[in-house]
**Q** 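Quick one: this structure, given as C-alpha coordinates, is what I'll be asking you about.
All chains are named by letter (A, B, ...) in the order of the sequence lines, taking the proteins before the strands, and each is independently numbered beginning at 1.
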Number of protein chains: 2
Amino acid sequence: MVQKTSETKTKTISVIIVEDFKLTRVGLRCALNANDDINVVAEAEDAVEGLKLIEKHKPDVILMDLGLPGMNGIEAMIKCKEMMFDSKIIALTSHDRSEEVIAALSSGASAYCLKDIDPQKLADVVRDVSTGVCWIDPMVAQMTLNALPKVDNIGFLPNKSNAEGRVPLTEREFEVLKHLVSGKSNTEIAKELIVSVHTAKAHVCSILQKMCVNDRVQAAVKAVKEGMV
Amino acid sequence: MVQKTSETKTKTISVIIVEDFKLTRVGLRCALNANDDINVVAEAEDAVEGLKLIEKHKPDVILMDLGLPGMNGIEAMIKCKEMMFDSKIIALTSHDRSEEVIAALSSGASAYCLKDIDPQKLADVVRDVSTGVCWIDPMVAQMTLNALPKVDNIGFLPNKSNAEGRVPLTEREFEVLKHLVSGKSNTEIAKELIVSVHTAKAHVCSILQKMCVNDRVQAAVKAVKEGMV
DNA sequence: TAATCCATTACCCGATCGTCTAATTTATTG
DNA sequence: CAATAAATTAGACGATCGGGTAATGGATTA
(Lines give C-alpha, C1' and ligand atoms only; values in the text may rest on other atoms or scores of the structure.)
Protein backbone atom coordinates (compact mmCIF):
# COMPACT_ATOMS: atom_id res chain seq x y z
CA MET A 1 0.00 0.00 0.00
CA VAL A 2 1.40 3.31 -1.01
CA GLN A 3 1.16 6.29 1.23
CA LYS A 4 1.30 9.94 0.47
CA THR A 5 4.38 11.88 1.40
CA SER A 6 3.32 15.44 1.96
CA GLU A 7 -0.41 15.48 2.42
CA THR A 8 -1.60 15.01 5.91
CA LYS A 9 -5.32 14.93 5.32
CA THR A 10 -6.81 11.51 5.70
CA LYS A 11 -10.01 12.18 3.82
CA THR A 12 -10.50 9.81 0.93
CA ILE A 13 -10.52 11.40 -2.51
CA SER A 14 -13.44 10.23 -4.64
CA VAL A 15 -12.73 9.83 -8.32
CA ILE A 16 -14.81 9.24 -11.42
CA ILE A 17 -13.20 7.91 -14.58
CA VAL A 18 -14.58 8.80 -18.00
CA GLU A 19 -12.73 6.82 -20.66
CA ASP A 20 -13.92 4.82 -23.64
CA PHE A 21 -11.25 2.11 -23.75
CA LYS A 22 -12.17 -0.58 -21.30
CA LEU A 23 -8.59 -1.67 -20.84
CA THR A 24 -7.39 1.82 -20.00
CA ARG A 25 -10.33 2.21 -17.67
CA VAL A 26 -9.39 -0.90 -15.76
CA GLY A 27 -5.79 0.19 -15.65
CA LEU A 28 -6.69 3.58 -14.25
CA ARG A 29 -9.00 2.13 -11.66
CA CYS A 30 -6.43 -0.37 -10.47
CA ALA A 31 -3.65 2.18 -10.37
CA LEU A 32 -5.73 4.61 -8.32
CA ASN A 33 -7.48 2.15 -6.04
CA ALA A 34 -4.07 0.84 -5.03
CA ASN A 35 -3.88 4.01 -2.94
CA ASP A 36 -5.95 3.88 0.18
CA ASP A 37 -6.64 7.60 0.12
CA ILE A 38 -8.13 7.42 -3.36
CA ASN A 39 -11.42 5.77 -4.19
CA VAL A 40 -12.75 5.31 -7.71
CA VAL A 41 -16.49 5.59 -7.16
CA ALA A 42 -17.68 5.22 -10.73
CA GLU A 43 -16.65 4.78 -14.34
CA ALA A 44 -18.20 5.79 -17.63
CA GLU A 45 -17.34 4.96 -21.20
CA ASP A 46 -18.85 8.04 -22.75
CA ALA A 47 -19.51 11.66 -21.85
CA VAL A 48 -23.27 11.42 -21.45
CA GLU A 49 -23.03 8.55 -19.01
CA GLY A 50 -20.14 10.32 -17.34
CA LEU A 51 -22.11 13.49 -16.75
CA LYS A 52 -24.91 11.51 -15.13
CA LEU A 53 -22.52 9.78 -12.81
CA ILE A 54 -20.78 13.02 -11.99
CA GLU A 55 -24.07 14.66 -11.10
CA LYS A 56 -24.92 11.68 -8.95
CA HIS A 57 -21.66 11.21 -7.09
CA LYS A 58 -20.24 14.72 -7.08
CA PRO A 59 -16.70 13.36 -7.00
CA ASP A 60 -13.66 15.27 -5.81
CA VAL A 61 -11.79 14.54 -8.99
CA ILE A 62 -12.82 13.60 -12.53
CA LEU A 63 -10.46 11.78 -14.85
CA MET A 64 -11.66 12.80 -18.28
CA ASP A 65 -10.45 11.30 -21.51
CA LEU A 66 -10.59 13.86 -24.28
CA GLY A 67 -11.03 11.52 -27.21
CA LEU A 68 -14.48 10.23 -26.41
CA PRO A 69 -17.00 9.04 -28.99
CA GLY A 70 -20.01 11.29 -29.44
CA MET A 71 -19.67 14.25 -27.13
CA ASN A 72 -15.97 14.84 -26.67
CA GLY A 73 -14.19 15.55 -23.46
CA ILE A 74 -14.00 19.29 -23.97
CA GLU A 75 -17.73 19.64 -24.40
CA ALA A 76 -18.26 17.33 -21.45
CA MET A 77 -16.06 19.50 -19.27
CA ILE A 78 -17.91 22.63 -20.26
CA LYS A 79 -21.23 21.03 -19.38
CA CYS A 80 -19.65 19.75 -16.24
CA LYS A 81 -18.67 23.23 -15.17
CA GLU A 82 -22.20 24.43 -15.82
CA MET A 83 -23.35 22.12 -13.10
CA MET A 84 -21.93 23.85 -10.13
CA PHE A 85 -19.93 21.27 -8.27
CA ASP A 86 -16.36 22.10 -7.53
CA SER A 87 -15.09 18.82 -8.82
CA LYS A 88 -11.59 19.12 -10.21
CA ILE A 89 -10.98 17.72 -13.67
CA ILE A 90 -7.89 15.96 -14.93
CA ALA A 91 -7.74 15.86 -18.71
CA LEU A 92 -6.24 12.59 -19.84
CA THR A 93 -5.18 12.00 -23.40
CA SER A 94 -2.44 10.68 -25.58
CA HIS A 95 -2.39 13.76 -27.76
CA ASP A 96 -0.02 16.63 -27.27
CA ARG A 97 -1.53 19.05 -29.75
CA SER A 98 -1.30 22.56 -28.49
CA GLU A 99 -4.89 23.47 -29.31
CA GLU A 100 -6.25 20.47 -27.48
CA VAL A 101 -4.20 21.21 -24.40
CA ILE A 102 -5.24 24.84 -24.27
CA ALA A 103 -8.83 23.98 -25.04
CA ALA A 104 -8.95 21.50 -22.19
CA LEU A 105 -7.35 23.77 -19.64
CA SER A 106 -9.45 26.75 -20.59
CA SER A 107 -12.62 24.69 -20.48
CA GLY A 108 -12.41 23.52 -16.95
CA ALA A 109 -9.55 21.06 -16.58
CA SER A 110 -7.15 21.70 -13.72
CA ALA A 111 -4.60 19.23 -14.94
CA TYR A 112 -3.42 17.72 -18.19
CA CYS A 113 -1.84 14.28 -18.21
CA LEU A 114 -0.54 12.26 -21.09
CA LYS A 115 -1.54 8.63 -20.96
CA ASP A 116 1.97 7.36 -20.62
CA ILE A 117 2.15 8.87 -17.17
CA ASP A 118 3.51 6.72 -14.41
CA PRO A 119 0.53 5.25 -12.54
CA GLN A 120 1.92 6.21 -9.19
CA LYS A 121 2.57 9.72 -10.44
CA LEU A 122 -1.04 9.91 -11.54
CA ALA A 123 -2.08 9.22 -7.98
CA ASP A 124 0.08 12.12 -6.87
CA VAL A 125 -1.58 14.31 -9.45
CA VAL A 126 -5.01 13.27 -8.24
CA ARG A 127 -4.02 14.34 -4.73
CA ASP A 128 -2.53 17.60 -5.94
CA VAL A 129 -5.51 18.44 -8.07
CA SER A 130 -7.97 17.64 -5.33
CA THR A 131 -6.44 20.50 -3.36
CA GLY A 132 -6.84 22.84 -6.32
CA VAL A 133 -3.39 22.63 -7.81
CA CYS A 134 -2.95 23.11 -11.53
CA TRP A 135 -0.68 20.35 -12.86
CA ILE A 136 0.50 20.07 -16.42
CA ASP A 137 2.45 17.23 -17.98
CA PRO A 138 6.06 18.04 -18.87
CA MET A 139 5.44 17.23 -22.51
CA VAL A 140 2.92 20.03 -22.87
CA ALA A 141 3.83 22.37 -20.01
CA GLN A 142 5.92 24.71 -22.10
CA MET A 143 3.36 25.14 -24.85
CA THR A 144 0.75 25.91 -22.24
CA LEU A 145 2.88 28.55 -20.58
CA ASN A 146 3.62 30.02 -23.97
CA ALA A 147 -0.08 30.47 -24.54
CA LEU A 148 -0.37 32.81 -21.59
CA PRO A 149 -0.60 36.47 -22.47
CA LYS A 150 2.84 38.02 -22.44
CA VAL A 151 3.39 40.77 -19.98
CA ASP A 152 5.62 43.58 -21.07
CA ASN A 153 4.71 45.44 -17.95
CA ILE A 154 7.85 45.79 -15.96
CA GLY A 155 5.91 47.65 -13.34
CA PHE A 156 5.77 45.22 -10.49
CA LEU A 157 5.94 47.12 -7.30
CA PRO A 158 4.60 45.48 -4.19
CA ASN A 159 1.45 47.56 -4.00
CA LYS A 160 -0.87 44.83 -3.02
CA SER A 161 -3.76 46.32 -1.16
CA ASN A 162 -5.56 43.35 -2.57
CA ALA A 163 -4.61 40.37 -0.47
CA GLU A 164 -4.31 42.36 2.72
CA GLY A 165 -7.63 43.93 3.44
CA ARG A 166 -9.44 41.00 1.93
CA VAL A 167 -12.29 39.73 4.04
CA PRO A 168 -13.07 36.08 3.42
CA LEU A 169 -16.55 35.09 2.27
CA THR A 170 -18.52 32.59 4.26
CA GLU A 171 -19.56 29.31 2.68
CA ARG A 172 -23.08 30.49 2.22
CA GLU A 173 -21.90 33.66 0.60
CA PHE A 174 -19.83 31.62 -1.82
CA GLU A 175 -22.92 29.70 -2.80
CA VAL A 176 -24.72 32.94 -3.43
CA LEU A 177 -21.75 34.26 -5.36
CA LYS A 178 -21.78 31.28 -7.70
CA HIS A 179 -25.43 31.85 -8.52
CA LEU A 180 -24.80 35.55 -8.86
CA VAL A 181 -22.03 34.88 -11.37
CA SER A 182 -24.35 32.66 -13.35
CA GLY A 183 -26.56 35.71 -13.77
CA LYS A 184 -29.36 34.84 -11.40
CA SER A 185 -31.50 37.56 -9.83
CA ASN A 186 -31.91 37.80 -6.09
CA THR A 187 -35.30 36.16 -6.42
CA GLU A 188 -33.84 33.27 -8.38
CA ILE A 189 -30.98 32.86 -5.95
CA ALA A 190 -33.45 32.77 -3.10
CA LYS A 191 -35.44 30.09 -4.89
CA GLU A 192 -32.30 28.02 -5.50
CA LEU A 193 -31.19 28.18 -1.91
CA ILE A 194 -34.73 27.84 -0.59
CA VAL A 195 -34.63 31.01 1.44
CA SER A 196 -36.51 34.28 1.26
CA VAL A 197 -35.53 37.05 -1.12
CA HIS A 198 -34.53 39.12 1.88
CA THR A 199 -31.91 36.57 2.82
CA ALA A 200 -30.51 36.43 -0.66
CA LYS A 201 -30.32 40.20 -0.72
CA ALA A 202 -28.60 40.26 2.63
CA HIS A 203 -25.97 37.84 1.39
CA VAL A 204 -25.45 39.76 -1.80
CA CYS A 205 -25.04 42.98 0.15
CA SER A 206 -22.50 41.34 2.37
CA ILE A 207 -20.65 39.94 -0.63
CA LEU A 208 -20.45 43.34 -2.28
CA GLN A 209 -18.99 44.88 0.84
CA LYS A 210 -16.47 42.11 1.42
CA MET A 211 -15.36 42.15 -2.19
CA CYS A 212 -15.09 45.93 -2.14
CA VAL A 213 -17.28 46.43 -5.18
CA ASN A 214 -20.29 48.59 -5.87
CA ASP A 215 -22.63 46.21 -7.63
CA ARG A 216 -23.18 42.61 -8.63
CA VAL A 217 -21.67 43.07 -12.06
CA GLN A 218 -18.34 44.08 -10.57
CA ALA A 219 -18.61 41.22 -8.11
CA ALA A 220 -19.27 38.72 -10.90
CA VAL A 221 -16.43 39.99 -13.06
CA LYS A 222 -14.02 40.05 -10.16
CA ALA A 223 -15.03 36.56 -9.13
CA VAL A 224 -14.47 35.23 -12.63
CA LYS A 225 -11.19 37.04 -13.17
CA GLU A 226 -9.78 35.94 -9.86
CA GLY A 227 -11.05 32.43 -10.19
CA MET A 228 -13.14 32.56 -7.05
CA VAL A 229 -15.74 30.42 -8.75
CA MET B 1 14.84 11.31 5.82
CA VAL B 2 11.98 11.65 3.41
CA GLN B 3 11.80 9.67 0.26
CA LYS B 4 9.98 10.32 -2.95
CA THR B 5 6.99 8.22 -3.76
CA SER B 6 6.69 8.20 -7.50
CA GLU B 7 9.97 9.26 -8.98
CA THR B 8 12.45 6.54 -9.48
CA LYS B 9 15.44 8.56 -10.59
CA THR B 10 18.20 8.69 -8.08
CA LYS B 11 19.96 11.71 -9.52
CA THR B 12 20.23 14.55 -7.07
CA ILE B 13 18.35 17.72 -8.00
CA SER B 14 20.49 20.83 -7.66
CA VAL B 15 18.69 23.95 -6.49
CA ILE B 16 19.56 27.62 -6.23
CA ILE B 17 17.57 29.90 -3.97
CA VAL B 18 17.12 33.58 -4.76
CA GLU B 19 15.39 35.29 -1.87
CA ASP B 20 16.10 38.50 0.00
CA PHE B 21 14.86 37.56 3.47
CA LYS B 22 17.60 35.68 5.22
CA LEU B 23 15.16 33.86 7.44
CA THR B 24 13.10 32.59 4.54
CA ARG B 25 16.28 31.59 2.77
CA VAL B 26 17.40 29.50 5.69
CA GLY B 27 13.96 27.97 5.97
CA LEU B 28 13.92 27.02 2.32
CA ARG B 29 17.37 25.55 2.44
CA CYS B 30 16.64 23.45 5.48
CA ALA B 31 13.32 22.26 4.13
CA LEU B 32 14.85 21.19 0.84
CA ASN B 33 18.13 19.78 2.12
CA ALA B 34 16.15 17.53 4.41
CA ASN B 35 15.48 15.53 1.24
CA ASP B 36 18.44 13.46 0.15
CA ASP B 37 17.52 13.79 -3.51
CA ILE B 38 17.58 17.57 -3.37
CA ASN B 39 20.70 19.64 -2.91
CA VAL B 40 20.72 23.40 -2.44
CA VAL B 41 23.95 24.38 -4.14
CA ALA B 42 23.81 28.13 -3.69
CA GLU B 43 21.80 31.04 -2.37
CA ALA B 44 21.50 34.68 -3.36
CA GLU B 45 19.80 37.61 -1.72
CA ASP B 46 19.27 39.63 -4.86
CA ALA B 47 18.73 39.05 -8.57
CA VAL B 48 22.15 40.17 -9.77
CA GLU B 49 23.97 37.86 -7.44
CA GLY B 50 21.46 35.17 -8.26
CA LEU B 51 22.10 35.38 -11.98
CA LYS B 52 25.83 35.01 -11.43
CA LEU B 53 25.34 31.94 -9.31
CA ILE B 54 22.89 30.47 -11.78
CA GLU B 55 25.37 30.94 -14.61
CA LYS B 56 28.05 29.32 -12.52
CA HIS B 57 26.13 26.34 -11.15
CA LYS B 58 23.58 25.72 -13.89
CA PRO B 59 21.14 24.29 -11.35
CA ASP B 60 18.25 21.99 -12.21
CA VAL B 61 15.81 24.18 -10.36
CA ILE B 62 15.75 27.83 -9.35
CA LEU B 63 13.64 29.05 -6.48
CA MET B 64 12.99 32.67 -7.34
CA ASP B 65 11.37 35.16 -5.03
CA LEU B 66 9.45 37.76 -7.00
CA GLY B 67 9.68 40.61 -4.54
CA LEU B 68 13.38 41.25 -4.71
CA PRO B 69 15.04 44.60 -4.09
CA GLY B 70 16.53 46.20 -7.19
CA MET B 71 15.90 43.96 -10.16
CA ASN B 72 12.73 42.06 -9.41
CA GLY B 73 12.08 38.39 -9.94
CA ILE B 74 10.26 38.81 -13.25
CA GLU B 75 13.17 40.65 -14.82
CA ALA B 76 15.59 38.16 -13.36
CA MET B 77 13.67 35.28 -14.89
CA ILE B 78 13.65 36.91 -18.30
CA LYS B 79 17.42 37.41 -18.15
CA CYS B 80 17.73 33.90 -16.89
CA LYS B 81 15.90 32.52 -19.90
CA GLU B 82 18.21 34.48 -22.16
CA MET B 83 21.04 32.39 -20.90
CA MET B 84 20.05 29.10 -22.37
CA PHE B 85 20.23 26.60 -19.60
CA ASP B 86 17.20 24.46 -19.15
CA SER B 87 16.95 25.29 -15.49
CA LYS B 88 13.37 25.19 -14.31
CA ILE B 89 12.15 28.12 -12.30
CA ILE B 90 9.78 28.10 -9.37
CA ALA B 91 8.32 31.51 -8.66
CA LEU B 92 7.93 31.97 -4.95
CA THR B 93 5.94 34.81 -3.48
CA SER B 94 3.36 35.74 -0.97
CA HIS B 95 1.32 37.71 -3.48
CA ASP B 96 -1.68 36.35 -5.28
CA ARG B 97 -2.29 39.19 -7.70
CA SER B 98 -3.41 37.93 -11.04
CA GLU B 99 -1.04 40.09 -13.05
CA GLU B 100 1.96 38.96 -11.08
CA VAL B 101 1.09 35.31 -11.48
CA ILE B 102 0.59 35.59 -15.23
CA ALA B 103 3.69 37.73 -15.58
CA ALA B 104 5.81 35.17 -13.77
CA LEU B 105 4.50 32.18 -15.66
CA SER B 106 4.75 33.87 -19.03
CA SER B 107 8.25 35.05 -18.27
CA GLY B 108 9.86 31.73 -17.63
CA ALA B 109 8.56 30.25 -14.41
CA SER B 110 7.33 26.66 -14.56
CA ALA B 111 5.72 26.79 -11.19
CA TYR B 112 4.12 29.31 -8.89
CA CYS B 113 4.13 28.75 -5.15
CA LEU B 114 2.77 30.90 -2.40
CA LYS B 115 5.09 31.18 0.55
CA ASP B 116 2.76 29.50 2.96
CA ILE B 117 3.27 26.24 1.13
CA ASP B 118 3.99 23.19 3.20
CA PRO B 119 7.79 22.65 3.18
CA GLN B 120 7.45 19.01 2.28
CA LYS B 121 5.05 19.90 -0.49
CA LEU B 122 7.62 22.31 -1.81
CA ALA B 123 10.09 19.44 -2.10
CA ASP B 124 7.50 17.55 -4.15
CA VAL B 125 7.12 20.57 -6.39
CA VAL B 126 10.86 20.81 -6.86
CA ARG B 127 10.88 17.20 -8.00
CA ASP B 128 7.89 17.70 -10.26
CA VAL B 129 9.30 20.83 -11.81
CA SER B 130 12.70 19.26 -12.37
CA THR B 131 10.98 16.82 -14.73
CA GLY B 132 9.33 19.70 -16.59
CA VAL B 133 5.96 19.72 -14.92
CA CYS B 134 4.06 22.96 -14.65
CA TRP B 135 2.74 23.30 -11.10
CA ILE B 136 0.55 26.12 -9.88
CA ASP B 137 -0.57 26.82 -6.33
CA PRO B 138 -4.27 26.24 -5.64
CA MET B 139 -4.73 29.84 -4.59
CA VAL B 140 -3.84 31.12 -8.03
CA ALA B 141 -4.50 28.11 -10.27
CA GLN B 142 -7.92 29.19 -11.39
CA MET B 143 -6.96 32.70 -12.32
CA THR B 144 -4.09 31.34 -14.35
CA LEU B 145 -6.30 28.94 -16.25
CA ASN B 146 -8.73 31.77 -16.86
CA ALA B 147 -5.98 33.71 -18.56
CA LEU B 148 -5.62 31.07 -21.25
CA PRO B 149 -7.24 31.81 -24.60
CA LYS B 150 -10.75 30.40 -24.75
CA VAL B 151 -11.81 27.46 -26.86
CA ASP B 152 -14.12 29.58 -28.97
CA ASN B 153 -11.17 31.65 -30.03
CA ILE B 154 -9.03 28.75 -31.08
CA GLY B 155 -11.72 26.91 -32.97
CA PHE B 156 -11.20 23.59 -31.33
CA LEU B 157 -14.83 22.60 -31.37
CA PRO B 158 -15.95 22.04 -34.93
CA ASN B 159 -19.70 22.32 -34.38
CA LYS B 160 -20.07 25.60 -32.50
CA SER B 161 -23.65 26.67 -32.78
CA ASN B 162 -22.17 29.47 -30.79
CA ALA B 163 -19.80 31.01 -33.29
CA GLU B 164 -22.18 30.71 -36.20
CA GLY B 165 -25.50 31.88 -34.88
CA ARG B 166 -23.63 34.61 -33.11
CA VAL B 167 -24.57 38.10 -34.13
CA PRO B 168 -21.49 40.31 -34.09
CA LEU B 169 -21.47 43.39 -31.90
CA THR B 170 -20.92 46.75 -33.50
CA GLU B 171 -17.91 48.82 -32.50
CA ARG B 172 -20.03 51.08 -30.42
CA GLU B 173 -21.58 48.15 -28.66
CA PHE B 174 -18.13 46.83 -27.85
CA GLU B 175 -17.28 50.12 -26.23
CA VAL B 176 -20.41 49.89 -24.17
CA LEU B 177 -19.64 46.28 -23.31
CA LYS B 178 -16.23 47.21 -21.95
CA HIS B 179 -17.74 49.78 -19.65
CA LEU B 180 -20.45 47.35 -18.69
CA VAL B 181 -17.85 44.74 -17.73
CA SER B 182 -16.07 47.29 -15.62
CA GLY B 183 -19.27 47.56 -13.63
CA LYS B 184 -20.50 50.93 -14.81
CA SER B 185 -24.18 51.79 -14.68
CA ASN B 186 -26.07 52.91 -17.75
CA THR B 187 -25.80 56.48 -16.53
CA GLU B 188 -22.06 56.19 -16.12
CA ILE B 189 -21.65 54.56 -19.51
CA ALA B 190 -23.65 57.38 -21.06
CA LYS B 191 -21.42 59.91 -19.36
CA GLU B 192 -18.28 58.15 -20.59
CA LEU B 193 -19.47 58.01 -24.17
CA ILE B 194 -21.03 61.47 -24.00
CA VAL B 195 -24.47 60.32 -25.02
CA SER B 196 -27.82 60.27 -23.29
CA VAL B 197 -28.82 57.51 -20.91
CA HIS B 198 -31.37 56.39 -23.44
CA THR B 199 -28.65 55.68 -25.93
CA ALA B 200 -26.62 53.73 -23.46
CA LYS B 201 -29.65 51.72 -22.52
CA ALA B 202 -30.43 51.05 -26.14
CA HIS B 203 -26.93 49.73 -26.70
CA VAL B 204 -27.05 47.57 -23.62
CA CYS B 205 -30.40 46.14 -24.71
CA SER B 206 -28.96 45.37 -28.10
CA ILE B 207 -25.90 43.75 -26.53
CA LEU B 208 -28.00 41.52 -24.32
CA GLN B 209 -30.01 40.30 -27.27
CA LYS B 210 -27.01 39.69 -29.47
CA MET B 211 -25.17 37.86 -26.74
CA CYS B 212 -28.26 35.80 -25.95
CA VAL B 213 -28.27 36.64 -22.27
CA ASN B 214 -30.90 37.96 -19.92
CA ASP B 215 -29.07 40.65 -18.02
CA ARG B 216 -25.84 42.60 -17.80
CA VAL B 217 -24.30 40.29 -15.25
CA GLN B 218 -24.50 37.36 -17.65
CA ALA B 219 -23.18 39.57 -20.41
CA ALA B 220 -20.22 40.66 -18.32
CA VAL B 221 -19.37 37.14 -17.21
CA LYS B 222 -19.68 35.80 -20.72
CA ALA B 223 -17.53 38.60 -22.07
CA VAL B 224 -14.81 37.92 -19.53
CA LYS B 225 -14.92 34.16 -19.91
CA GLU B 226 -14.77 34.30 -23.66
CA GLY B 227 -12.09 36.92 -23.68
CA MET B 228 -14.19 39.41 -25.62
CA VAL B 229 -12.74 42.23 -23.62
C1' DT C 1 -21.98 32.66 30.84
C1' DA C 2 -21.34 36.38 27.72
C1' DA C 3 -19.89 37.77 23.39
C1' DT C 4 -19.59 37.20 18.64
C1' DC C 5 -20.56 35.58 14.12
C1' DC C 6 -23.66 33.68 10.87
C1' DA C 7 -28.00 32.85 8.62
C1' DT C 8 -32.40 34.23 8.35
C1' DT C 9 -36.45 37.27 7.75
C1' DA C 10 -38.82 41.74 7.24
C1' DC C 11 -39.95 46.56 5.61
C1' DC C 12 -38.95 50.83 3.21
C1' DC C 13 -37.16 53.81 -0.34
C1' DG C 14 -34.80 55.79 -4.01
C1' DA C 15 -32.06 54.39 -7.86
C1' DT C 16 -31.34 51.54 -11.56
C1' DC C 17 -32.57 48.18 -14.95
C1' DG C 18 -34.77 45.95 -19.08
C1' DT C 19 -38.28 46.34 -22.45
C1' DC C 20 -41.40 48.64 -25.22
C1' DT C 21 -42.70 51.94 -28.93
C1' DA C 22 -41.28 55.62 -31.82
C1' DA C 23 -38.71 59.07 -34.07
C1' DT C 24 -34.47 61.35 -36.49
C1' DT C 25 -29.94 61.38 -38.68
C1' DT C 26 -26.03 59.48 -40.85
C1' DA C 27 -23.53 56.09 -43.45
C1' DT C 28 -23.25 52.32 -46.40
C1' DT C 29 -24.67 49.26 -49.73
C1' DG C 30 -27.38 47.50 -53.66
C1' DC D 1 -31.92 56.66 -55.74
C1' DA D 2 -33.69 53.40 -52.45
C1' DA D 3 -32.95 50.33 -48.84
C1' DT D 4 -30.72 48.93 -44.91
C1' DA D 5 -28.17 49.26 -40.73
C1' DA D 6 -26.33 51.91 -37.04
C1' DA D 7 -26.46 55.58 -33.70
C1' DT D 8 -29.04 58.66 -31.38
C1' DT D 9 -32.87 60.45 -28.47
C1' DA D 10 -37.32 60.19 -25.85
C1' DG D 11 -41.05 58.65 -22.55
C1' DA D 12 -43.12 55.29 -19.80
C1' DC D 13 -43.72 50.85 -17.46
C1' DG D 14 -42.98 47.30 -14.01
C1' DA D 15 -39.30 44.70 -12.05
C1' DT D 16 -35.17 44.56 -9.75
C1' DC D 17 -31.45 46.34 -7.12
C1' DG D 18 -28.72 48.22 -3.17
C1' DG D 19 -28.71 50.35 1.20
C1' DG D 20 -30.58 51.28 5.37
C1' DT D 21 -32.41 49.42 10.00
C1' DA D 22 -33.85 45.78 12.97
C1' DA D 23 -34.98 41.51 14.89
C1' DT D 24 -34.40 36.34 15.89
C1' DG D 25 -32.23 31.76 16.58
C1' DG D 26 -28.20 28.85 16.38
C1' DA D 27 -23.40 27.94 16.67
C1' DT D 28 -18.95 28.92 18.16
C1' DT D 29 -15.73 31.10 20.99
C1' DA D 30 -13.64 33.68 24.76
Side-chain angles (χ1 to χ4, degrees), chain A residues 9 11 58 84-86 162-226 228-229, chain B residues 162-226 228-229:
Chain A
K9 295 191 311 184
K11 184 184 168 297
K58 300 182 177 58
M84 298 209 314
F85 318 137
D86 45 2
N162 202 344
E164 311 286 283
R166 173 180 296 170
V167 185
L169 299 188
T170 66
E171 269 189 50
R172 196 59 163 167
E173 287 163 351
F174 259 111
E175 289 184 68
V176 173
L177 180 60
K178 287 180 189 175
H179 290 292
L180 191 156
V181 169
S182 77
K184 291 196 170 69
S185 69
N186 290 338
T187 312
E188 289 170 322
I189 295 174
K191 208 162 292 176
E192 286 285 342
L193 302 185
I194 320 185
V195 294
S196 81
V197 193
H198 305 99
T199 309
K201 284 178 70 172
H203 286 310
V204 170
C205 258
S206 165
I207 290 172
L208 298 187
Q209 289 173 351
K210 287 186 178 178
M211 290 180 72
C212 303
V213 294
N214 297 318
D215 58 61
R216 54 175 53 217
V217 178
Q218 290 175 4
V221 169
K222 191 167 185 173
V224 172
K225 281 189 175 174
E226 299 191 357
M228 298 173 67
V229 290
Chain B
N162 205 344
E164 287 158 23
R166 169 182 297 170
V167 186
L169 299 188
T170 66
E171 270 190 48
R172 196 57 162 169
E173 287 164 351
F174 259 112
E175 288 185 70
V176 174
L177 181 60
K178 286 179 190 171
H179 291 294
L180 190 157
V181 168
S182 78
K184 291 197 171 68
S185 70
N186 290 337
T187 313
E188 289 170 322
I189 295 174
K191 207 162 290 175
E192 287 285 343
L193 303 184
I194 320 183
V195 294
S196 81
V197 193
H198 303 97
T199 310
K201 285 178 72 171
H203 285 312
V204 170
C205 254
S206 164
I207 290 172
L208 299 188
Q209 289 171 354
K210 287 185 178 179
M211 289 181 73
C212 303
V213 294
N214 297 317
D215 58 61
R216 54 174 54 219
V217 178
Q218 290 175 4
V221 169
K222 191 166 187 175
V224 172
K225 282 190 175 173
E226 299 191 357
M228 298 174 65
V229 290

**Q** When you measure from the side chain of Val195(A), which nucleotide among dG19(D), dT9(D), dT9(C) comes out closest?
**A**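 The answer is dT9(C), which lies nearest to the side chain.
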**Q** Take atom CD of Glu173(A) and atom C1' of dA7(C), then tell me their distance rounded to the nearest Å.
**A**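 My rounded result for the distance is 10 Å.
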**Q** Using atom CD of Gln209(A) as one end and atom P of dG19(D) as the other, report the distance to the nearest whole Å.
**A** 7 Å
**Q** If you assign Ala202(A) and Thr170(B) each to the DNA chain D nucleotide with the nearest heavy atom, which residue ends up on the more 5' nucleotide?
**A** Thr170(B)
**Q** Give the rounded distance in Å between these two atoms: CD of Gln218(B) and C1' of dC17(D).
**A**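 Rounding to the nearest Å, CD of Gln218(B) and C1' of dC17(D) are 16 Å apart.
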**Q** Determine the contact category for Ser185(B): base if any of its heavy atoms lies under 4.0 Å from a base atom, sugar-phosphate if only primed atoms, P, OP1 or OP2 are that close, otherwise nothing.
**A** sugar-phosphate
**Q** Backbone N or O of Met211(B) within a donor-acceptor pair of the Lys222(B) side chain at under 3.5 Å?
**A** yes
**Q** Grab the NE2-P distance between His203(A) and dC5(C) for me, whole Å please.
**A** 17 Å
**Q** Are any of His198(A)'s side-chain N or O atoms less than 4.0 Å away from OP1 or OP2 of dT9(C)?
**A** no
**Q** Atom CG of Leu208(A) to atom P of dG18(D): distance rounded to whole Å?
**A** 6 Å
**Q** Given dT9(C), dT19(C), dT9(D), identify the nucleotide with an atom nearest to the side chain of Cys205(B).
**A**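 Nucleotide nearest to Cys205(B)'s side chain: dT19(C).
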**Q** If I take atom CD1 from residue Ile189(A) and atom NZ from residue Lys178(A), how far apart are they, to the nearest 0.5 angstrom?
**A** 13.0 Å
**Q** Return the value, rounded to whole Å, for the distance between atom CG of Leu169(B) and atom P of dA5(D).
**A**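 Roughly 16 Å, once rounded to whole Å.
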**Q** How many whole angstroms separate atom NZ of Lys201(A) from atom P of dA7(C)?
**A** 18 Å
**Q** When you measure from the side-chain N and O atoms of Thr199(A) to the phosphate of dT9(C), is any distance below 4.0 Å, counting only OP1 and OP2?
**A**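 Answer yes for this pair, as a side-chain N or O of Thr199(A) is under 4.0 Å from OP1 or OP2.
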**Q** Within the distance-only criterion (no hydrogens, no angle test), does the side chain of Gln218(A) pair as donor or acceptor with the backbone N or O of Asn214(A) below 3.5 angstrom?
**A** yes
**Q** Which is it for Leu180(B) and His203(B) under the side-chain contact (heavy atoms from CB on, under 4.5 Å) test, yes or no, and what are the steps along the way?
**A** CA-CA 11 Å; Leu180(B) 190 157; His203(B) 285 312; over 6 Å; no
**Q** Check step by step if salt bridge (Lys or Arg N to Asp or Glu O under 4.0 Å) holds for Glu175(A) and Arg172(A).
**A** CA-CA 5 Å; Glu175(A) 289 184 68; Arg172(A) 196 59 163 167; 3.3 Å; yes
**Q** Starting at NZ of Lys184(B) and ending at P of dC17(D), how long is that distance when rounded to a whole Å?
**A** 22 Å
**Q** Does a side-chain N or O of Arg172(B) approach OP1 or OP2 of dT8(D) to a distance below 4.0 Å, or not?
**A**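 So the side chain of Arg172(B) is within the cut-off, an N or O lying under 4.0 Å from OP1 or OP2 of dT8(D).
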**Q** From dT9(D), dT8(C), dC17(C), pick the nucleotide closest to the side chain of Asn186(B)?
**A**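 Nearest nucleotide to the side chain: dC17(C).
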